[in-house]
Every structure is written in C-alpha cells, then in structure tokens.
Number of protein chains: 4
Amino acid sequence: MVKEKSDKIHKNKLIKRNKLFDAAYDLFLTKGFSSTAIDDIVKKAGVAKGTFYLYFKDKYDIMDHLILSKSSLVIKEALQKIKDENYNNYIDRVISFIDYIVEYFKNNKMLLKIIHKNLSFGLFRKALQKPEEYKEMKEVADLLLSSLKKEGFSDDNIEKILFMVIELTGSVIYSSIILEEPDTIDNMKPVLFMMVKKMLTI
Amino acid sequence: MVKEKSDKIHKNKLIKRNKLFDAAYDLFLTKGFSSTAIDDIVKKAGVAKGTFYLYFKDKYDIMDHLILSKSSLVIKEALQKIKDENYNNYIDRVISFIDYIVEYFKNNKMLLKIIHKNLSFGLFRKALQKPEEYKEMKEVADLLLSSLKKEGFSDDNIEKILFMVIELTGSVIYSSIILEEPDTIDNMKPVLFMMVKKMLTI
Amino acid sequence: MVKEKSDKIHKNKLIKRNKLFDAAYDLFLTKGFSSTAIDDIVKKAGVAKGTFYLYFKDKYDIMDHLILSKSSLVIKEALQKIKDENYNNYIDRVISFIDYIVEYFKNNKMLLKIIHKNLSFGLFRKALQKPEEYKEMKEVADLLLSSLKKEGFSDDNIEKILFMVIELTGSVIYSSIILEEPDTIDNMKPVLFMMVKKMLTI
Amino acid sequence: MVKEKSDKIHKNKLIKRNKLFDAAYDLFLTKGFSSTAIDDIVKKAGVAKGTFYLYFKDKYDIMDHLILSKSSLVIKEALQKIKDENYNNYIDRVISFIDYIVEYFKNNKMLLKIIHKNLSFGLFRKALQKPEEYKEMKEVADLLLSSLKKEGFSDDNIEKILFMVIELTGSVIYSSIILEEPDTIDNMKPVLFMMVKKMLTI
DNA sequence: GATGAATGAGCATTCATTCAT
DNA sequence: CATGAATGAATGCTCATTCAT
C-alpha cells in the first residue's frame, strides 16, 4: 500500500519533470535559448513557476540536461548502428558512426543550432560517465577503442586522436549544415571522411 | 587650415572609439562578456553612455569587432613568422603557423576564453575579405594555398582541407588550454601536429 | 475553507490593482499623463515595479482603464438622474443629461483635462458594450433612443444625430471649461442647449 | 551691394527653414509625430542638428507651425471657393465651405490624422489673427459673420454658433474618416449638413 | 550662422527568485 | 509537494539639448 503510493508520487514527479523538459526543448528549438524565459517554460508545461525550481537549478541547468539527453540519444543510436553492422574494418566503423551523426543533424538543424558546438568530446565523455544509464554505449565505445589499440596506436594517443576526430566532425557538421561554410555538408562529407581515414591510419 | 581642423576631429573620434574598445576588452577579459554591462564599459572608458551608441550598435557589435581585431592580430603575426622563416616544406610552414598560434594562446588564456570557438575559419575568411587592411595577410595566405595546390591537391579540396585544419586546431587549442581536456596543450601538441601532417599529406 | 482562501487572494489582488489605479489617477491629475512615470505610480501605490506589469500592460493601458472607468461613472450618474426625473419631453431629458455632465466637469477640471477629447461617442459606445456592468445604462440609453425614434427620426439617423450631440457637447465642454474659448461655459450653455434642441427637433 | 548680400543670406535662411519644414511634414505624415525624432528631421533636411534649434524651439514648435500652415491653407482655399461661387444664401455658403473641407480631408487622411482634433475653432481664430498673412481670409470670414448677423442672430451668439459648427464639423470629419465611427463620411455628410442647417436657421 | 560630437538624465521593461499559503 | 503573486535589481536604449569649433 505504502509502496504503491510512493510509486505513484514518484511517477507524478517524473511526469512534471518531463513536462518541463519537453516544454523547454520545444521552446529552445523554436524561440532559441536566450529568448526563452522560465515563464514560458512553466506556462507551456502547465505547472507553476515555483515548481520549476523544484526540479532544476536554473535555465542553464535544464539546458545542460537537455543537451546531454539529446546528444546521448544520437550517440547511442550511432553506436548501436555500428554494433549491428559488424564491420571487419575499424575505420569503416568510425566512418559509419560519423555518417550516422551527420545524417541525423542534417534532419535536425534546430537541435544542432542549440547544442551548437557542445557536440564535442566533453559531451561524449560525460555520456560515458553515467555507467548505469549508458552501459551499452560504454560497451560499444570500448569496442572502438580496442580496435584502434589493436592497430598499433599507443594507449596515450588513442584517446587524443578520437577526441580530435570527434571535434573535427562536430565542427564540420555545425559549420557546413548551419552556415554552409565553407561548403554544404554533402560536399564536405567526402573530404571529411578522407581526413578521418588519414587520421586513423597508422 | 580646414584640413587640420577636420583631422583633429577625426583623430579625437578615433581616440574615443579606442577608449571604448580598450575598456570593453579589459572588462570582457576580467568579468566576462555577459557580466559586462554597457554602463561598465562607458564608465571605464570615461565617456557618456550615449557615446557608446555613436560608435557601436550594441554589446555584440563591439564584441564582434574585438574578436576580429584581436584574432587578426594573431593570424597576422603567425603569417608574418612563416613568411620570415622561409621553409622549403609547405607542411612545416603550416605546422609553424599553428605552433605560433598555440603558443600565443597559451600565454593569453583569457583572450582565448573570450573569442572561444570563434577562432574559426569564418573569422579567417572575414579577415581576408578586408583587402585594404589585410593585404599582407592575403599575400601569405595565397602562398599557403598555392603550396598545397602544387602538391597535387585538387582546387576544390584545398579550401575544405585548410578549413578542417583550422577548425581542428581551434578546437584542440580551446579544449586543451582552457579545460585541459582531454589533456594539456603540451601533451596534445605532438598529436595535433601529427594529425595535421597526415591531413596535409597527399 | 478552500474557497475562503482563494477569496482572500482574489481580494488582495483587487486591492493592489486599485492601489495602482488610484495612484495613477492622482498623478495623472496633478502631474499630467506624460510627466508621470511608472516609477511614480508604483512608488505612490507602495508596490514593486514588476507588480505594475502584473496588472497593466503599460501606462496607456492604465490610462484607458482610467478614462473608461471615470467617464462611465459620470455617464451612469447622468443617466440615473434623467431616469429619476421622469420628464415627459425627450428633449428635456437630453438637455438634463447634458447639463449634469457639464456641471460635473465644471467641478472636475483636472479630470476633464485628462480625458480631454476622449469624452466622446466612442467611449460612450464602449461603455455600452460591457453589458454585465452597464445593464442599467443600456436600459436608459435605449429609452433615449426609442424616444427619438418615436418622434419620427429615421432609425439610420438616430445614432448619427446622437453621436453629433455628444461630440458637440464634448467639444464645447472641453473648450469652454479649460480654455474659456470662445467663452466661459456658463455663457456657452444656453447656446449649446439651443443648438441641441434644434438638432433634436424634427 | 549690402542689401543684395543680406537678401541672399535671408533667402538662404528661408531655404533651410523650409527644408526642415518639409522634412518634418513628410516624416510626421509617414512615421507619425511621436515616432519622428529631431534626428530624423535634420537628416532628411540635410542640415546639422544644431541648425534645427536655430529655427524652431522643439518638435512641438515645428508641429504647431505645421498645423497652422497646413490648416490655414485648407481654410483659405475653402473661403476662396465660397467667395468665387457667390451664393445668395448664407447657409449654402457655409455648407459649401464645410463640404470643401470634408472633401479635402477625405483625400488627405494622413494630414487629418496628424492635425487630429486640432482642426478646431482655436486654429481658425489663430489663422484669423495673423492679419498680414491672412488679409483675404479675414475679408471672407467677415462676409460670413455679417451674413449671420443680417439673419437676426445676436452679435453675442454668432461667434458661439460658428464655433459650434466648426467643432462639430471637425469632430465628424475626424471620427468618420479615420475611424468610420459611427459611419463613413459619405453616410455622415447628409446628416451633418442637416444639423448645420438647423443650427444656422433662426 | 552652421556644425555634429558628446552628453546623461530619463524610462520602460524583463525576469530569476522567493515565500507565504 | 505545489503554487503563483510579488519582488526590485538590472540594463539597454533614446533623444533633446548643448557648445566648442
């Protein structure tokens, strides 16, 4: 009886939190981050202003959670894809991984605009640090790292190189999709892949 | 006589503009951009509030000019350096260019923080588009581009590759100097150079 | 219990709104509209600045409400008077109605200054459009309209003529009371009544 | 020699003043009075800001001159028209006078918006008080007044009645042309004429 | 007379945060 | 847990006016 009740309460709490989360996501996408006031979020979520502060510290807090959640999703999907495809070649795996992310953001420009240059290694690392939630991710990520290790890259360098690949990818994706600078993403992709291949070849 | 007069006025205007410029620079460095109010800037510059709006549209406007001015300076110096050194090898030239910039920002962390990830190709291009002011820069930049061309890179790819080199460099510099992520800049440098060499080798 | 609570809150809100309303009225009367800052209003009302925007959109909004409220009051009283007096003659009714308004503003020059030429048909109509609040007004107004109709005025013309009578009265009241132009109100009144009688005679 | 010179200077002064005048007129018409800054006026006029203050006290000053100038023009034209037409009947003369003004503002809504309810007797009187400039106007106005006098109106009442006719006309013109309230000007005109006739009939 | 750079008071408006209910 | 009225500091921006040249 008591357990049921607390479950219900817990569920209700989660519902409110999610309502805020979704409302914020929608508003950040449509109005942009800085133009979205907490007032807007709570109104859209249908809760009182004070309630917001029960679940999040401030606008930046909910934004951080949003970026983490949305980016983790993409990365998760991308990792799942290369897990499913079973490439022999580790480079093809990375390229496929990158390709998935590129295509994802081609279709989600607004999200890309928001998470902007936060699409970075730091995020990647953060995602990997929540082991409970990202067990499977970690698993696949390790696969990638061990592949590179097998190829003869030094332990020290593997992480750094992966970091650079991710940063480069993030930069190109943002710049070419949002600004078409220096060219469209479709024209950049072959060059990007070429560069990534070079970077990952010993 | 008349000319002298207008010269003096013109000079005075330049002085005021620079006062605002310098004040804003100092404040952005110490307090950060978003914590700096226009009130702070004019107080530090010793001019009236309205004067600010005589020279700049708003805080973002002065920031843009600041980023462009400060970054141009670094790039100019770096280009001058590789011009002076007369390398035979075009890759060495690029590496030397990057090295200068890395070292510069190692000693100017606050500036780096401010111009953040604006240290990018877009900026580079902007600087090159002010021909009157950046004649020498253009000259050396062309040298670099022609070197790559000579090496057999296709016209189409040269710009894209250079873009990626710059973006990667910018990302690594920012991340490693400010966040020491994934490692310190000194530990990242050799790997960065390695990657850049790979990217620029046909 | 719950009802009591919400009643209390509702009451408090009304009190705050009225405080702002009264403060604005006082200030508009003494300092004039354009010289009154929102700062002045909230200071006088003893509430925070933000509170103002909880109840009114801006200075013009509170002004509109003020004009409507104050003018409705006068019109209401004037209508009540002619209702009480039970004239046989419809023209005497109108004259009496006008006379009440003239005398009212003779004793409230400051209010007249504020509502200026807003004392017009538009206002009159606005007031009549809030049926819940102005049921009695509507009732008496209809009496007036039907009187004119009975006299043989065409339906189409009744409204127009009434409009003109009101506009003329408003103009004369403002001009003669505030500017004594072209003469004092006491000297204008007989001529005004004469004109109104002519206008309402078929 | 000296005279020529001062003539030229005087001419130049007049040119500048007129430039400001025309610029202000254009801007008030297009942007509205309160949205027009002195900055806008001087920029459009092609003179320096300080120059404005050489000719006008402030924005209200130039506005007053504008209203007087533009309204005088209309009234002058209307008076000229009834002078030319040589009606026997004084009422027809007044009706024709009003008709001219109505038609004028039907085609100059923007001007009407600006001079708003300033189209009043006060203005009429002001115009008549500048004898040098408005000699002809005075002449025709006197014709009108004497006509009414001849009809048996008492000296005292003539001015008051004329005042009311003008005020009523102004109100109806503004309300019906700008707001179409309570009806369009074309529907209001016959009723207005009817009322005016009644007011002017002994 | 003419200029236009400089001024700075003045003001509306926003919005994160609190807290009594 | 939830509410939402109240707060008031913070701040960008305008614009009439002045005055040295």
Side-chain angles (χ1 to χ4, degrees), chain A residues 9-10 12-13 16-17 34-43 46-61, chain B residues 1-2 4-6 8-10 12-13 15-17 34-43 46-60, chain C residues 1-2 4-6 8-10 12-13 15-17 34-43 46-60, chain D residues 9-10 12-13 16-17 34-43 46-61:
Chain A
I9 288 174
H10 193 254
N12 259 318
K13 277 182 63 177
K16 285 236 160 93
R17 209 193 114 100
S34 61
S35 301
T36 299
I38 291 185
D39 230 10
D40 301 327
I41 299 173
V42 295
K43 234 165 246 167
V47 301
K49 218 169 184 174
T51 308
F52 179 91
Y53 291 92
L54 253 32
Y55 295 102
F56 301 99
K57 209 180 122 273
D58 52 27
K59 214 171 64 169
Y60 298 93
D61 188 36
Chain B
M1 200 62 173
V2 169
E4 266 176 44
K5 193 183 163 188
S6 76
K8 206 173 172 184
I9 288 173
H10 195 254
N12 259 317
K13 279 181 68 174
I15 287 172
K16 280 241 156 97
R17 209 193 115 100
S34 61
S35 302
T36 299
I38 291 187
D39 240 354
D40 301 328
I41 299 174
V42 296
K43 236 166 243 163
V47 300
K49 214 169 189 173
T51 307
F52 178 91
Y53 292 92
L54 243 40
Y55 295 100
F56 302 99
K57 213 180 116 274
D58 52 27
K59 217 170 61 169
Y60 298 93
Chain C
M1 200 61 171
V2 169
E4 267 175 45
K5 193 182 164 188
S6 75
K8 207 173 173 183
I9 288 173
H10 194 254
N12 259 317
K13 280 180 67 173
I15 289 172
K16 281 239 157 96
R17 208 193 115 100
S34 62
S35 302
T36 299
I38 290 186
D39 238 354
D40 301 328
I41 299 173
V42 295
K43 234 165 246 165
V47 301
K49 215 168 186 176
T51 306
F52 178 91
Y53 291 92
L54 243 41
Y55 295 100
F56 302 99
K57 212 182 118 275
D58 52 28
K59 215 170 63 169
Y60 299 93
Chain D
I9 288 173
H10 193 254
N12 261 317
K13 276 182 64 177
K16 284 236 160 94
R17 209 193 114 100
S34 62
S35 301
T36 299
I38 291 185
D39 230 11
D40 301 327
I41 299 172
V42 295
K43 234 165 246 164
V47 300
K49 217 169 185 173
T51 307
F52 179 91
Y53 291 91
L54 252 33
Y55 295 101
F56 301 98
K57 210 181 121 273
D58 52 28
K59 213 169 65 169
Y60 298 94
D61 187 35

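To find a chain, count down the sequence lines: A is the first, B the second, and so on, and within it residues start at 1.
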Open item on the list: If you define the side chain from C-beta out and look only at heavy atoms, does anything of C:Ile41 sit under 4.5 Å from C:Thr36?
Closed with: yes

Task: Upstream residue (5' side of DNA chain F) when D:Ser35 and C:Lys16 are each assigned their closest nucleotide - done: C:Lys16

TODO: Measure the distance from CG on D:Asp39 to C1' on F:dT17 and round it to the nearest whole Å.
DONE: 12 Å

- [ ] Please state how far atom NZ in C:Lys43 lies from atom P in E:dG10, giving the value in whole angstrom units.
- [x] 12 Å

- [ ] Round to a whole Å and report the spacing from CG of C:Asn12 to P of E:dC19.
- [x] 18 Å

Open item on the list: Expected output check: what is the dot-bracket annotation of DNA chain E, where ( ) and [ ] are pairs inside the strand (brackets for crossing ones), | is paired with another strand, and pairs are Watson-Crick or G-U under 3.5 Å?
Closed with: .||||||||||||||||||||

- [ ] Among F:dA2, E:dA5, E:dA12, find the nucleotide with the atom closest to the side chain of A:Tyr55.
- [x] F:dA2

Task: Atom pair CZ (B:Phe52) and CG (B:Asp39), whose distance is rounded to the nearest 0.5 Å - done: 11.0 Å

TODO: Measure the distance from CD1 on A:Ile41 to C1' on E:dC15 and round it to the nearest whole Å.
DONE: 12 Å

Open item on the list: Between A:Asp61 and A:Asp58 (side chain of the first, backbone of the second, donor and acceptor by atom type, cut-off under 3.5 Å), is there such a pair?
Closed with: no

Open item on the list: Between P on F:dT14 and NZ on D:Lys59, what's the gap in Å once rounded to a whole number?
Closed with: 14 Å

Task: Within residues 46-53 of chain D, residues whose heavy atoms come under 4.0 Å of DNA chain E - done: D:Val47, D:Ala48, D:Lys49, D:Gly50, D:Thr51

Task: Considering all heavy atoms, the nearest D:Ile38-D:Lys59 contact - done: CD1-N, 4.3 Å

- [ ] Determine the contact category for B:Leu54: base if any of its heavy atoms lies under 4.0 Å from a base atom, sugar-phosphate if only primed atoms, P, OP1 or OP2 are that close, otherwise nothing.
- [x] base

TODO: Check the distance between E:dT17's C1' and A:Phe56's CZ and give it to me in whole angstrom.
DONE: 17 Å

TODO: Nearest whole angstrom, please: distance from the P of E:dT18 to the CG of A:Asp58.
DONE: 11 Å

TODO: Whole angstrom is fine here: how far is it from CD1 in D:Ile38 over to P in E:dA6?
DONE: 20 Å

- [ ] For residues D:Val42 and D:Lys49, report the shortest heavy-atom separation together with the two atoms involved.
- [x] CG1-CA, 3.9 Å

